[in-house]
A.B. asks: 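This is the structure I have questions about; it appears just below.
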Amino acid sequence: MHCHLNDFESGLFDENGNPEIIQPRRMFSLKDFFKFLQLLDNAQNNNLPLDEVFGSMYSSSGNFTLRFQGNIVPPLSSYNSYLLEIEYNQYFEKYSNKERAMLHFIENAVGLEGVSLFKIRNDGVIKKKSLKENGRVLSEKC
């Protein structure tokens, strides 16, 4: 469980004296996703229930949780983090909807079935996010 910050000044300035603004992505980063995979790998290696593994990220634009509801997790060594980082960024450039970008990344670039994305609203309502056949996001109240 962790949070992603709002935009903030880096302490650096451009040639015109304007502060450089860091704009964190308010969705799971690739490093966050790999930590989630490490948790799954650890659970699998220790015969723990995979469906009890989750990772949560809180931000001003939404609170999200990843859960695994599949059966088997490929070993971490089967993923090329350099190539996945390129693909990760491409999905977030292609789709303005960060939920859609994350879901397409998991399904198409990572190829891991059984990962679910949930959005927890401020009023406590939880919505499971998945991809429809047309590639758009389906929100189902839990």
Side-chain angles (χ1 to χ4, degrees), residues 1-46 48-70 72-142:
M1 221 182 291
H2 69 287
C3 68
H4 283 205
L5 302 172
N6 290 329
D7 298 354
F8 61 94
E9 293 182 12
S10 71
L12 302 175
F13 299 88
D14 66 16
E15 63 275 356
N16 297 322
N18 298 314
E20 179 185 278
I21 304 296
I22 304 294
Q23 297 176 309
R25 188 170 284 140
R26 291 173 190 93
M27 175 52 72
F28 291 99
S29 68
L30 184 60
K31 288 181 183 179
D32 296 336
F33 188 72
F34 271 103
K35 289 291 182 190
F36 177 67
L37 291 177
Q38 286 176 330
L39 291 171
L40 288 170
D41 190 51
N42 183 56
Q44 186 168 262
N45 291 336
N46 290 290
L48 299 171
L50 297 178
D51 63 346
E52 291 183 15
V53 175
F54 68 94
S56 295
M57 187 278 309
Y58 300 91
S59 75
S60 62
S61 65
N63 305 319
F64 296 93
T65 294
L66 288 172
R67 287 202 64 186
F68 187 71
Q69 297 173 311
I72 298 173
V73 181
L76 291 172
S77 60
S78 66
Y79 297 107
N80 181 322
S81 59
Y82 175 76
L83 292 177
L84 282 178
E85 183 171 0
I86 292 169
E87 290 186 78
Y88 174 85
N89 289 324
Q90 288 173 342
Y91 279 100
F92 280 88
E93 289 169 11
K94 181 176 181 177
Y95 299 110
S96 59
N97 179 313
K98 63 184 174 277
E99 297 164 9
R100 188 175 183 190
M102 190 73 204
L103 290 166
H104 275 284
F105 169 75
I106 293 169
E107 183 176 299
N108 301 320
V110 179
L112 181 60
E113 294 183 21
V115 176
S116 298
L117 178 66
F118 296 89
K119 184 171 186 178
I120 301 100
R121 295 187 346 192
N122 290 338
D123 62 3
V125 172
I126 300 171
K127 292 202 171 185
K128 182 177 181 179
K129 304 291 183 163
S130 58
L131 292 174
K132 299 179 196 176
E133 286 187 25
N134 65 4
R136 298 202 182 274
V137 176
L138 171 67
S139 294
E140 299 173 278
K141 191 174 177 182
C142 298

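We number each residue from 1, following the sequence as shown.
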A.B. asks: Ignoring hydrogens and angles, tell me if any N or O in the side chain of His104 forms a donor-acceptor pair with the backbone of Tyr91 under 3.5 Å.
C.D. replies: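 No: the side chain of His104 does not pair with the backbone of Tyr91.
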
A.B. asks: Going by the angle between their ring planes, with limits at 30° and 60°, are Phe34 and Tyr79 parallel, tilted or perpendicular?
C.D. replies: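 Plane angle over 60°, so perpendicular.
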
A.B. asks: What distance do Thr65 atom OG1 and Phe54 atom CZ have between them, rounded to the nearest 0.5 Å?
C.D. replies: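 Here the interatomic distance stands at 7.0 Å.
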
A.B. asks: Is a side-chain donor or acceptor of Asn45 paired with a backbone partner of Asp41 at a separation under 3.5 angstrom?
C.D. replies: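 Answer holds: yes.
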
A.B. asks: Minimum heavy-atom separation for Glu107 and Leu131, please, with both atom names.
C.D. replies: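 Heavy atoms of Glu107 and Leu131 come nearest at OE1-CD1, 3.7 Å.
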
A.B. asks: Considering residues, nucleotides and ligands other than Glu85, do more than 12 of their heavy atoms fall under 6.0 Å from its CD?
C.D. replies: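 It does not: Glu85 CD has 12 such atoms or fewer within range.
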
A.B. asks: For the residue pair Phe13 and Gly17, what are the closest heavy atoms and their distance?
C.D. replies: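 Between these two residues, the closest heavy atoms are CD2-O, 3.3 Å.
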
A.B. asks: Have a look at Glu99 and tell me which of Lys119, Arg136, Lys127 forms a salt bridge (charged side-chain N to carboxylate O under 4.0 Å, His left out) with it.
C.D. replies: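 Exactly one candidate clears the test, Lys119.
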
A.B. asks: About how many Å separate NZ of Lys31 and CD of Gln38, when rounded to the nearest 0.5 Å?
C.D. replies: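 Gln38 CD to Lys31 NZ: 12.0 Å, rounded to 0.5 Å.
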
A.B. asks: So Leu39 and Phe68, do their side chains get closer than 4.5 Å, heavy atoms only?
C.D. replies: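 No - every pair of side-chain heavy atoms lies 4.5 Å or more apart.
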
A.B. asks: Which atoms form the tightest heavy-atom contact between Leu50 and Gln44, and what is the distance?
C.D. replies: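 For Leu50 and Gln44, the tightest heavy-atom pair comes out as CD2-N, 3.7 Å.
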
A.B. asks: From Met57 CE over to Ser59 OG, what is the distance, rounded to the nearest 0.5 angstrom?
C.D. replies: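 Between Met57 CE and Ser59 OG, I get 4.5 Å after rounding to 0.5 Å.
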
A.B. asks: Check whether more than 12 heavy atoms from other residues, nucleotides or ligands sit under 6.0 Å from atom NZ of Lys129, and answer yes or no.
C.D. replies: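 Atom NZ in Lys129 is crowded, with more than 12 foreign heavy atoms closer than 6.0 Å.
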
A.B. asks: Please answer whether the main-chain N or O of Asn18 pairs with a side-chain N or O of Asn16 as donor and acceptor at a distance below 3.5 Å.
C.D. replies: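 Pair absent, no side-chain N/O of Asn16 close to backbone of Asn18.
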
A.B. asks: Nearest heavy-atom pair of Ala109 and Leu84: which atoms, and what distance?
C.D. replies: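 Here Ala109 and Leu84 meet closest at O-CD2, 3.7 Å.
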
A.B. asks: Walk me through it: do Ile106 and Leu117 pass the test side chain to side chain contact (heavy atoms under 4.5 Å, CB included)?
C.D. replies: CA-CA 10 Å; Ile106 293 169; Leu117 178 66; 5.8 Å; no

A.B. asks: Using a 4.5 Å cut-off on heavy atoms from C-beta on, say whether the side chain of Tyr88 contacts that of Met102.
C.D. replies: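 Result yes, sub-4.5 Å side-chain heavy-atom pair found.
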
A.B. asks: Between the side chain of Asn46 and the main-chain N/O of Leu48, is any donor-acceptor distance below 3.5 Å?
C.D. replies: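 No; zero donor-acceptor contacts below 3.5 Å.
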
A.B. asks: My understanding is that only one of Phe64, Phe36, Phe105 makes a side-chain contact (heavy atoms from CB on, under 4.5 Å) with Phe28; could you say which?
C.D. replies: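 For Phe28, the side-chain contact (heavy atoms from CB on, under 4.5 Å) test succeeds with only one of Phe64, Phe36, Phe105, which is Phe64.
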
A.B. asks: Please give me the minimum heavy-atom distance between Met27 and Asp32, naming the atom from each residue.
C.D. replies: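 Taking Met27 first and Asp32 second, the nearest heavy atoms are O-OD2, 4.3 Å.
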
A.B. asks: Can you list everything that forms a side-chain hydrogen bond (donor to acceptor under 3.5 Å, both in side chains) with Asn122? Sequence neighbours excluded, please.
C.D. replies: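 Per chain and number, Asn122 pairs via side-chain hydrogen bond (donor to acceptor under 3.5 Å, both in side chains) with no residue.
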
A.B. asks: Measuring from atom NZ of Lys132 to atom CG of Leu103, what distance do you get when rounded to the nearest 0.5 angstrom?
C.D. replies: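 CG of Leu103 is found 12.5 Å from NZ of Lys132.
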
A.B. asks: Walk me through it: do Val53 and Arg67 pass the test side chain to side chain contact (heavy atoms under 4.5 Å, CB included)?
C.D. replies: CA-CA 6 Å; Val53 175; Arg67 287 202 64 186; over 6 Å; no

A.B. asks: For Ser81 and Leu30, work out which heavy atoms get closest and say how close.
C.D. replies: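 Here Ser81 and Leu30 meet closest at O-CD2, 3.9 Å.
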
